[in-house]
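Report on the following structure.
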Amino acid sequence: MAHTADLAPAGLRAVRDLLDVAFDGDFSDEDYDHCLGGVHALVYDGAGLAAHGAVIMRRVRHRGRWLRVGYVEAVAVRADARRTGLGGRVMGALERVVDRAYDVGAVSASDAGARLYAARGWQVWPGRIAAHGPDGVVRLPEEEGSTFVRPALAGALDPAHELVFDWRDGDVL
C-alpha cells in the first residue's frame, strides 16, 4: 500500500501503463486522474507491476447528510496474471481502508469487474444515482445497476433515497 505522494514517477508510469493495457486503451486521462490522491494497492511479480487498485475520498449525499466515500478506482490485473487471486488481494487491501476510514465504499463497475465485487460482498446499489453538478443535481441513470456499495462506518444505506455524488471532470462516477 502506498499513497500517491509516496509513489516515484516510475511507479506512477507503471500504474498508467498497466491501466492502459488492461483496459485495452480505453482508460482516459480523466480516468487516470480519478485514481490519484488516495491509497494504492500494488502487487508486483517477476515481470513488474501485476495488479493495481486505488481508493480515494469522495463525498456522497444520502438522506440529507454528506458521507465520506472510499471510492475504488482503477482496479486492474495484467492479462498474464489474471485468475490467480491478485484482484482479490488488491480488493482485500482496499476494503480494509474503506472499512476503517470511510462511511461507505463505492465503485462503478465494468461488466468484468462486477463479478469480482459481487463475489466479495459488494452490493449493487438498487436506488437512484445522481451527481451534484455545476447546475445542480443531475440524475445518472447510466450508473444505476453498475454502482456497487459497501457499508462501512455509517452502516447500511436506505435505497429509497438516492446517492448524490460530488461532481468531477470526465466521467462523473
Side-chain angles (χ1 to χ4, degrees), residues 1-6 15 19 23 26-42 51-77 87-173:
M1 298 286 289
H3 191 278
T4 301
D6 296 324
V15 168
L19 296 170
F23 287 93
D26 191 26
F27 202 82
S28 71
D29 289 342
E30 284 100 358
D31 293 331
Y32 179 66
D33 186 61
H34 294 168
C35 82
L36 301 177
V39 178
H40 301 260
L42 306 144
H52 170 271
V55 63
I56 56 109
M57 192 184 107
R58 295 194 60 196
R59 293 282 186 178
V60 69
R61 190 178 72 209
H62 181 67
R63 297 186 71 177
R65 181 174 167 222
W66 285 98
L67 303 172
R68 287 176 298 109
V69 177
Y71 203 88
V72 173
E73 292 283 1
V75 175
V77 177
R89 282 180 54 193
V90 164
M91 287 305 299
L94 299 178
E95 289 163 356
R96 184 183 68 78
V97 173
V98 167
D99 292 348
R100 293 181 175 185
Y102 293 99
D103 294 320
V104 64
V107 61
S108 180
S110 65
D111 290 340
R115 291 188 300 263
L116 172 65
Y117 308 125
R120 298 191 60 80
W122 290 67
Q123 306 268 318
V124 173
W125 179 251
R128 289 174 51 145
I129 301 283
H132 191 273
D135 297 321
V137 175
V138 178
R139 186 166 177 213
L140 302 171
E142 66 279 3
E143 294 295 334
E144 295 169 1
S146 63
T147 298
F148 285 70
V149 296
R150 178 182 180 90
L153 299 174
L157 303 178
D158 183 352
H161 298 272
E162 67 187 353
L163 296 179
V164 181
F165 285 88
D166 54 347
W167 188 264
R168 59 187 185 174
D169 291 335
D171 295 334
V172 175
L173 290 186

Discussion item. Between Val15 and Leu42, is the side chain to side chain contact (heavy atoms under 4.5 Å, CB included) condition met? List the steps.
Written reply: CA-CA 9 Å; Val15 168; Leu42 306 144; 3.8 Å; yes
Discussion item. Do Trp122 and Met91 have side chains that approach each other closer than 4.5 Å (heavy atoms only, starting at C-beta)?
Written reply: yes
Worksheet item: Can you tell me how far CZ of Arg128 sits from CG of Leu163, rounded to the nearest 0.5 angstrom?
Response: 11.5 Å
Practice prompt. Measure from the side-chain N and O atoms of His52 to the backbone N and O of Ala74, and report whether any donor-acceptor pair falls under 3.5 Å.
Written response: yes
Fill in: Met57 backbone acceptor or donor facing Arg68 side chain under 3.5 Å
no
Worksheet item: Would you find a donor on one side and an acceptor on the other, under 3.5 Å apart, between the side chain of Arg150 and the backbone of Asp99?
Response: no
Fill in: Exceeds 12 heavy-atom contacts within 6.0 angstrom, atom CG of Asp26
no
Discussion item. So does Glu30 get a backbone contact from the side chain of Asp33, meaning a donor-acceptor N/O pair under 3.5 Å?
Written reply: no
Discussion item. Testing the basics here: between Ile56 and Leu36, what is the closest heavy-atom pair and its distance to 0.1 Å?
Written reply: CG2-O, 3.7 Å
Worksheet item: Who are the salt bridge (charged side-chain N to carboxylate O under 4.0 Å, His left out) partners of Asp29, not counting sequence neighbours?
Response: Arg16
Worksheet item: For the atom pair CG (Leu140) and CZ (Phe165), what is the distance rounded to the nearest 0.5 Å?
Response: 9.0 Å
Fill in: Check ion pair Glu144-Arg139 (N to O, under 4.0 angstrom)
yes
Item to complete: Locate the shortest heavy-atom distance separating Leu19 from Tyr32; write the atom from each residue and the value.
Response: CD1-CD1, 4.2 Å
Fill in: Test item: Tyr117 and Val124 side chains (from C-beta on) under 4.5 Å apart, heavy atoms
no
Discussion item. Looking at every heavy atom in both Gly105 and Val98, which two are closest together, and how far apart are they?
Written reply: CA-CG1, 3.5 Å
Practice prompt. Tell me, please, whether Tyr71 has Arg168 positioned over its six-membered ring: NZ or CZ under 6.0 Å from the ring centre and within 45 degrees of its axis?
Written response: yes
Practice prompt. Take the angle between the ring planes of His62 and Trp125 and call it parallel below 30°, perpendicular above 60°, tilted in between.
Written response: perpendicular
Practice prompt. Without swapping roles, check the side chain of His3 against the backbone of Ala5 for a donor-acceptor pair under 3.5 Å.
Written response: yes
Discussion item. Heavy-atom count check: over 12 atoms from other residues, nucleotides or ligands less than 6.0 Å from Asp111 CG?
Written reply: no
Worksheet, complete the sentence: His132 and Trp66 have their tightest heavy-atom pair at CB-CH2, 4.3 Å
Worksheet item: Do you know which two heavy atoms are closest between Ala130 and Val137, and how far apart they sit?
Response: CB-CG1, 3.7 Å
Worksheet item: Between NE2 of His34 and CG of Asp169, what distance do you get to the nearest 0.5 Å?
Response: 7.0 Å
Discussion item. Any heavy-atom pair between the side chains of Leu157 and Val60 that's under 4.5 Å?
Written reply: no
Fill in: Val77 vs Val90 side-chain heavy atoms within contact, under 4.5 Å
no
Practice prompt. Look up atom OG in Ser146 and atom CD1 in Ile129, then write down how far apart they are to the nearest 0.5 Å.
Written response: 8.0 Å
Worksheet item: Quick one: are Thr4 and His40 in side-chain contact, heavy atoms under 4.5 Å?
Response: yes
Practice prompt. Give, for atom CE of Met1 and atom CG of Asp6, the distance between the pair rounded to the nearest 0.5 Å.
Written response: 11.5 Å
Item to complete: Considering non-hydrogen atoms only, spot the tightest contact between Pro151 and Gly155 and give its length.
Response: CB-O, 3.6 Å
